[in-house]
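Residue indices begin at 1 and follow the sequence shown.
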Amino acid sequence: MSEDGLDSDSPDDERLLRGGLLRGGLLLRGGLIVDGSGREPVTGDVLVRAGRIVGVGGRIEAAGARVVDVGGLAVAPGFIDMHAHSDLAVIADGAHLAKVTQGVTTEVVGQDGLSYAPVTDETMATVREQIAGWNGIPDGVDFAWRSVAGYLAEVDRRGSATNVAYLLPQGTIRMNVVGTGDRRATPAEIAAMRAQVDQGMREGAFGMSSGLTYVPGIFADTAELVALAEVVARHGGFYAPHQRSYGAGALAAYAEMVDVASRSGCALHLTHATMNFPENRGRAGELLALVDRALDDGVDVTLDSYPYLPGSTTLSALLPSRAAVGGPARTLARLCDAAERAWIAHEVEVVGSDGCHGVPVDWDTIEIAGVRDAALGDRVGRTVARIALDEGRAPVEVFFDLLIADRLGTSILQHVGDEQNVREIMRHRRHTGGSDGILVGAKPHPRASGTFPRYLGRYVRDEGVLSLAEMIVHLAARPAARLGLSDRGRIAEGFVADVVVFDPATVADRATPDEPRLTAAGIPWVLVAGTPVIEDGARTVARPGRALRHRSAVSAG
């Protein structure tokens with residue numbers, strides 16, 4: 001691969017060279033420049049050379065540049081997906097169509113407290129199995145790294161379609177030090193976890209995530225989270241928690257996260273900030289009032305959301321946390337034991353398990369999205385309730401048996417959202433976009449392929465929830481600011497040329513529950529560091545993305 005991120009022997013490389021892109025730059029002529037400042041768009045030219053934007057506005061003449069007429073199209077900074085589950089896809093999937101065809105140029109991975117660095121040999125094996133429903137276990141990925149630095153180096157070695165920013169997974173770090181047990185960490189263990197957070201930040205992580213409905217992150221108390229967030233704050237990073245509840249206890253869970261940020265001095269990013277389940281219909285205003293109070297008190301809070309109603313996770317996430325203690329093998333053993341099944345069924349269907357946000361499961365809302373074992377493919381696209389009816393069995397028995405047969409690798413859609421809440425949250429002054437898209441499975445959530453064009457098409461053009469200029473701030477400039485990327489997220493001279501060109505009149509998500517991998521319409525050009533990954537609506541062979549490092553990694557030497 002060449003330094004420009006292109007396969008040196010490829011026809012695309014030769015074509016781009018003939019077009020003058022690598023010699024004289026790329027001149028986007030006559031587009032509607034939506035620069036990420038929030039100001040009204042203006043018509044003009046954008047000149048890209050050597051990976052940077054070197055000219056903006058008016059008519060630009062550039063000898064030797066390849067000129068592309070983008071009249072009638074919008075030119076905007078590339079979108080930043082603040083909540084991505086592409087941890088392995090950026091390594092294994094060279095095309096990465098789900099993201100680049102949306103105009104996504106940077107993704108934030110390491111989400112929900114569970115990812116692949118830092119790890120030990122033992123925890124790597126456990127995490128691979130535990131989150132196979134999120135990321136699969138792709139062929140060609142050797143999982144040889146153990147550190148954050150090693151993971152980021154693997155991204156750079158392979159080349160990526162998008163840039164990658166990594167969050168330290170608090171649950172994985174707890175697994176490294178404490179294990180998967182339900183107990184309080186000792187002072188020595190907290191010191192060891194703080195050391196791993198410190199090292200990970202020095203190696204380039206942008207902050208820390210948590211998964212407080214997933215084992216083992218769920219077992220961390222508030223004081224433990226504060227202790228770890230203090231280290232993140234010292235490096236200028238942010239804390240991005242999947243909190244303890246998005247259902248029955250949602251507001252109390254949000255308040256706990258604000259408390260962690262306030263006590264630790266750490267910036268807070270509320271990830272997939274939803275108010276889901278019937279208990280929370282129409283209550284987004286209460287969440288946003290809490291956020292506004294925190295901002296008034298000096299807490300640095302941002303949030304992200306996806307513009308859809310269903311949620312998406314793994315089927316095993318619905319289990320009570322006690323059922324997951326000890327790792328996947330122990331969980332499967334419990335699911336094969338009649339007595340264990342009885343108490344788990346009671347927790348899931350009557351009490352409301354902590355894994356399901358304190359809400360009893362409505363099996364009509366649980367749709368199978370993907371399976372690890374292809375032999376179970378007939379389950380995909382049906383709800384647990386429908387499968388139970390078709391097979392003449394109790395839904396909870398279908399639930400147990402599918403988890404066993406698929407070795408906990410089943411992914412689901414959970415139909416529990418509220419449209420009023422979605423709209424109110426996306427209007428907030430600290431909102432950003434995040435797909436939370438699971439890329440594996442036969443029928444993954446369409447948000448994995450449609451989030452960003454859906455914001456632009458449905459919620460800007462069709463519904464007018466935000467103006468185009470406002471939405472680009474939400475999808476590019478504000479995320480870049482949260483990440484501390486001072487030279488990204490804007491169309492401005494000197495900025496990295498992460499650029500998306502789209503048609504405001506036709507841009508749209510095409511992905512549906514039945515065809516979830518249909519790519520977006522109306523996005524003909526996407527540049528990553530000045531190199532086209534989408535050109536005239538087609539994917540090039542380029543992998544110009546790289547693993548970004550937080551500024552603390554530079555300062556640490």
Side-chain angles (χ1 to χ4, degrees), residues 16 19-80 100-106 163 433 452-453 455-457 460-461 464 466-481 485-508 520-537 540 544:
L16 293 173
L21 175 59
L22 303 183
R23 288 198 310 269
L26 177 67
L27 180 59
L28 301 172
R29 175 77 79 196
L32 185 68
I33 302 171
V34 194
D35 66 4
S37 68
R39 295 188 294 264
E40 284 300 305
V42 296
T43 299
D45 297 350
V46 176
L47 177 60
V48 172
R49 183 178 290 139
R52 296 268 171 178
I53 298 169
V54 297
V56 178
R59 184 174 179 88
I60 299 172
E61 299 299 337
R66 179 184 179 190
V67 180
V68 177
D69 182 359
V70 294
L73 304 179
V75 180
F79 306 137
I80 298 176
V100 295
T101 56
Q102 295 185 65
V104 171
T105 57
T106 297
N163 300 308
F452 293 86
Y455 270 124
L456 296 170
V460 170
R461 181 187 61 240
L466 289 170
S467 72
L468 182 57
E470 290 171 327
M471 187 61 82
I472 297 305
V473 174
H474 287 235
L475 303 185
R478 188 173 297 131
L485 301 174
S486 59
D487 60 355
R488 296 176 194 262
R490 294 282 301 279
I491 300 295
E493 291 187 16
F495 276 55
V496 175
D498 294 342
V499 178
V500 56
V501 178
F502 62 91
D503 186 343
T506 64
V507 64
I523 303 180
W525 285 84
V526 181
L527 312 181
V528 175
T531 297
V533 292
I534 299 294
E535 178 180 352
D536 289 331
T540 71

How far apart are the closest heavy atoms of G489 and A480, and which atoms are they? CA-CB, 3.9 Å
Pairwise side-chain contact, D536 with P524, heavy-atom cut-off 4.5 Å (strictly under): no
Carboxylate-amine/guanidinium proximity below 4.0 Å for D45 and R29: yes
How far apart are the closest heavy atoms of T106 and D498, and which atoms are they? OG1-OD2, 4.1 Å
Report yes if the side chains of V501 and V68 come closer than 4.5 Å at any heavy-atom pair, otherwise no. no
Taking all non-hydrogen atoms of both residues into account, name the closest pair between P532 and G530 and its distance. CD-O, 3.8 Å
Please report the C-alpha distance between L475 and L456 in whole Å, then the side-chain angles of each, then the deciding distance to 0.1 Å, and finally whether the side chain to side chain contact (heavy atoms under 4.5 Å, CB included) criterion is met. CA-CA 10 Å; L475 303 185; L456 296 170; 4.3 Å; yes
P77 versus R488: any side-chain heavy-atom pair under 4.5 Å? no
Between F79 and F502, how do the two ring planes meet: parallel, tilted or perpendicular, split at 30° and 60°? tilted
Is any side-chain heavy atom of V75 closer than 4.5 Å to one of V499? yes
Within a strict 4.5 Å, meaning less than it, do heavy atoms of the V56 and I33 side chains meet? yes
Less than 4.5 Å apart, side chain to side chain, heavy atoms only: is that true for R52 and D487? yes
How long is the straight-line distance from CH2 of W525 back to CG of L26, given to the nearest 0.5 Å? 5.5 Å
Please round to the nearest 0.5 Å and tell me the distance separating atom CD1 of I80 and atom CZ of F452. 9.0 Å
Determine whether a donor-acceptor pair (N or O, by modelled atom type, separation under 3.5 Å) exists between the side chain of R461 and the backbone of P504. yes
Say you draw a straight line from CD1 of I472 to OG of S37; how long is it, rounded to the nearest 0.5 Å? 11.0 Å
Mind checking the CZ-CG spacing from R490 to L485? Nearest 0.5 Å is all I need. 14.0 Å
Which residues pass the side-chain contact (heavy atoms from CB on, under 4.5 Å) test with A481, sequence neighbours left out? none
Please lay out, stage by stage, how V526 and T105 fare under the test side chain to side chain contact (heavy atoms under 4.5 Å, CB included). CA-CA 8 Å; V526 181; T105 57; 3.8 Å; yes
For V34 against A469, the heavy-atom pair lying closest together: CG1-CA, 3.9 Å
Separation between CG (L73) and CD1 (I523), nearest 0.5 Å, reads 11.0 Å
Might you point out which heavy atoms bring L27 and I60 nearest each other, and give the distance in Å? CD2-O, 3.4 Å
Taking atom CD of E470 and atom CD of E40, what is their separation to the nearest 0.5 Å? 8.5 Å
